[in-house]
Amino acid sequence: MEFEALSSAELAAYLRSVPCVYALLNEPGELDIAEVGDGNLNFVYFASNAKTPEKSVVVKQAPPFLRLVGKTWPLTRHRMEREVAALRRFGALCPQHVPRVYHADNELFLMVMQRLSSHRILRQGLMDGIVYPKLAEHLSTYLAHTLFFGSDLYLAPEVKKQAVSAAINSELCKITEDLVFTYPFEDHPSNAYSAAFPRAEIERLWKSPALRVAVAEMKWAFMNDAESLLHGDLHTGSIMVNQDETYVIDPEFAFYGPMAFDVGAVLANLLLAYFSRDWHDRHASADGKPYRDWLLAQATDIWNGFSHKFLALWREHESRRKSHFIGGDRGGACVEAFRARFMQRLFAEALGFAGCKMIRRIVGMAKVADVTSIADEKLRASVEVRALRCAERLLVDRQTLRSIDDVVALAREVQARYPAQG
Ligand code: SR1
Ligand code: MG
């Protein structure tokens, strides 16, 4: 049967029929329903008790297609099960940073979840120049906990393998394999260019063997390195914030993949926010220079915080278990040497993934508002060139950029070398 989105009346009747939701909504006689989804995949509704509007939930339903494109791009509705499972797993590990799932329906492919009514999407906050003082602390905790506790550093091998198998998410991974790692690096019809974008810039990347090989290496890692349960789409539109709290939403792309993919997504989106400040500073109340510095400080603090917390979890776990992943280590030098190499590899991979993710947002079909909202065509093109040049260096030089300070220096250098036009 052809899919029809639920009408407000149907959804209200449904929500009243689910006892736990009915109770959460304060036993509503009437519900106010608003469709608010602006994402690429799903329908999202706010449902509030008409008499006590603070009693409110979010309902998310997966249609059998990609919302951004419509029925011509069919997509499994089982993605909702992946998202619910990931929210529950991440919520168990990091309840302070993950919204609660109140109810899931595997026949309607929908879930009812916590409404974050005093929070906003981080990307919008960054565009408006808002400082979030706890952001780096919260995101580094979220990344360290979700990535460490999903990995073979913590889980028993048979539990981990079972978890890998339960989290298979082939259709959504295929979207990433195509849209992040393949189409932007060829002359694909789904690519989209802004009006003043200099085509020579992308031709240059397509013809760079060093870049093409680097991207292929990242694609291989994405497809093969089942290291931990990932969010899988951790851009700044998947994060909700206020001055005190940070929540990570929308893990429908969750699967077992390389840990650095989530870290790289966060870094990529902070860099896109940084390069687009020439436009947003014109409208933000804050002074431009300190805000740019704050954005780069977030990248620094998130990487350093993540690395520190991940290592602390690892050391604590092995000390409690009285054994090491690498086995007996007389003298103890090899354990720490392995950890140092492990984190250096993660860092290099995070830079490679960040590079791919920046390029896909400039050249590929799914863009980001930080850049698309730049109404001045020439200025937007300057921002796009900076993002591409920085991304190229992140990919090609990912082994020689040894620290997050090197990345910050690179971002500043690119910003200075490609001044804003327009
Ligand atoms: C075609 S779906 C486009 C993008 O939206 C999601 O947020 C993912 O980033 C996906 O690649
Ligand atoms: Mg999403």
Side-chain angles (χ1 to χ4, degrees), residues 35-45 58-77 79-87 90 98-99 101 109-111 113 116 119-124 142 169-185 188-192 215 218-219 222-223 230-241 247-255 257 261-273 353-372 387 391:
E35 209 281 311
V36 294
D38 61 355
N40 294 333
L41 276 85
N42 300 308
F43 291 104
V44 181
Y45 306 85
V58 170
V59 181
K60 193 165 174 185
Q61 186 177 35
F65 50 80
L66 187 81
R67 183 181 182 170
L68 177 71
V69 175
K71 292 182 182 172
T72 54
W73 187 324
L75 193 60
T76 175
R77 302 188 78 187
R79 64 188 190 264
M80 185 52 68
E81 290 154 29
R82 298 276 64 76
E83 178 166 1
V84 168
L87 281 171
F90 296 147
V98 181
V101 177
F109 303 99
L110 68 71
M111 74 168 132
M113 60 194 292
L116 300 167
H119 307 71
R120 67 191 298 220
I121 291 290
L122 175 60
R123 189 184 305 287
Q124 296 297 329
Y142 170 89
N169 199 358
S170 318
E171 279 191 48
L172 275 79
C173 282
K174 179 74 165 63
I175 290 178
T176 304
E177 289 150 19
D178 290 341
L179 295 191
V180 177
F181 295 108
T182 310
Y183 297 163
F185 304 96
H188 194 272
S190 69
N191 291 342
V215 171
M218 300 324 298
K219 179 177 175 180
F222 178 83
M223 295 177 76
L230 307 186
H231 178 283
D233 196 26
L234 193 45
H235 53 80
T236 44
S238 295
I239 298 167
M240 292 190 72
V241 277
Y247 282 87
V248 176
I249 62 169
D250 285 359
E252 60 256 61
F253 284 80
F255 79 114
F261 189 72
D262 278 357
V263 182
V266 173
L267 297 180
N269 281 269
L270 287 170
L271 288 169
L272 290 171
F353 288 128
C356 295
K357 285 185 154 267
M358 290 168 75
I359 294 171
R360 65 80 61 112
R361 295 299 187 189
I362 303 304
V363 179
M365 67 183 274
K367 306 212 179 278
V368 288
D370 320 48
V371 180
T372 56

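Everything quoted here is computed from the prediction, not taken from an experiment. Whatever order the structure lists them in is the order used to number ligands and atoms, beginning at 1.
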Measure V69 to ligand 1 on non-hydrogen atoms and call it side chain, backbone, both or neither using the 4.0 Å cut-off.
neither

Counting only N and O atoms by type, is there a donor-acceptor contact under 3.5 Å from the side chain of D262 to the main-chain atoms of L234?
no

Numbering the atoms of ligand 1 from 1, which are under 4.0 Å from a heavy atom of F253?
6 (C), 8 (C), 10 (C)

Any idea which protein heavy atom is nearest atom 1 (C) of ligand 1, and the distance to it?
L66 CD2, 3.2 Å

Could you tell me whether the side chains of R79 and N42 share a donor-acceptor contact shorter than 3.5 Å?
yes

For atom 5 (O) of ligand 1, the protein heavy atom that lies nearest, with its residue and separation
N40 ND2, 2.7 Å

Quick one: does T236's side chain have a donor or acceptor within less than 3.5 Å of a partner on L122's backbone?
no

Of all the atoms in ligand 1, which lie at a distance below 4.0 Å from a heavy atom belonging to A366?
3 (C), 4 (C)

Using modelled atom types only, decide if a donor and an acceptor are shared between the side chain of N40 and the backbone of L68 within a distance under 3.5 Å.
no

Which residue and atom name correspond to the protein heavy atom nearest atom 6 (C) of ligand 1, and how close is it?
D233 OD2, 3.2 Å

Closest heavy-atom approach to atom 11 (O) of ligand 1 among R360, R361, K367, E177 is made by R360

For L179, atoms of ligand 1 separated by under 4.0 Å from a heavy atom
1 (C), 3 (C)

Should you measure from each heavy atom of H235, which atoms of ligand 1 turn up under 4.0 Å away?
7 (O)

Salt bridge between E35 and R67, side-chain N to carboxylate O under 4.0 Å?
yes

Should I239 and Y142 count as side-chain neighbours, where that means a heavy-atom distance under 4.5 Å?
no

Answer yes or no: is there a side-chain heavy-atom contact under 4.5 Å between R361 and V371?
no

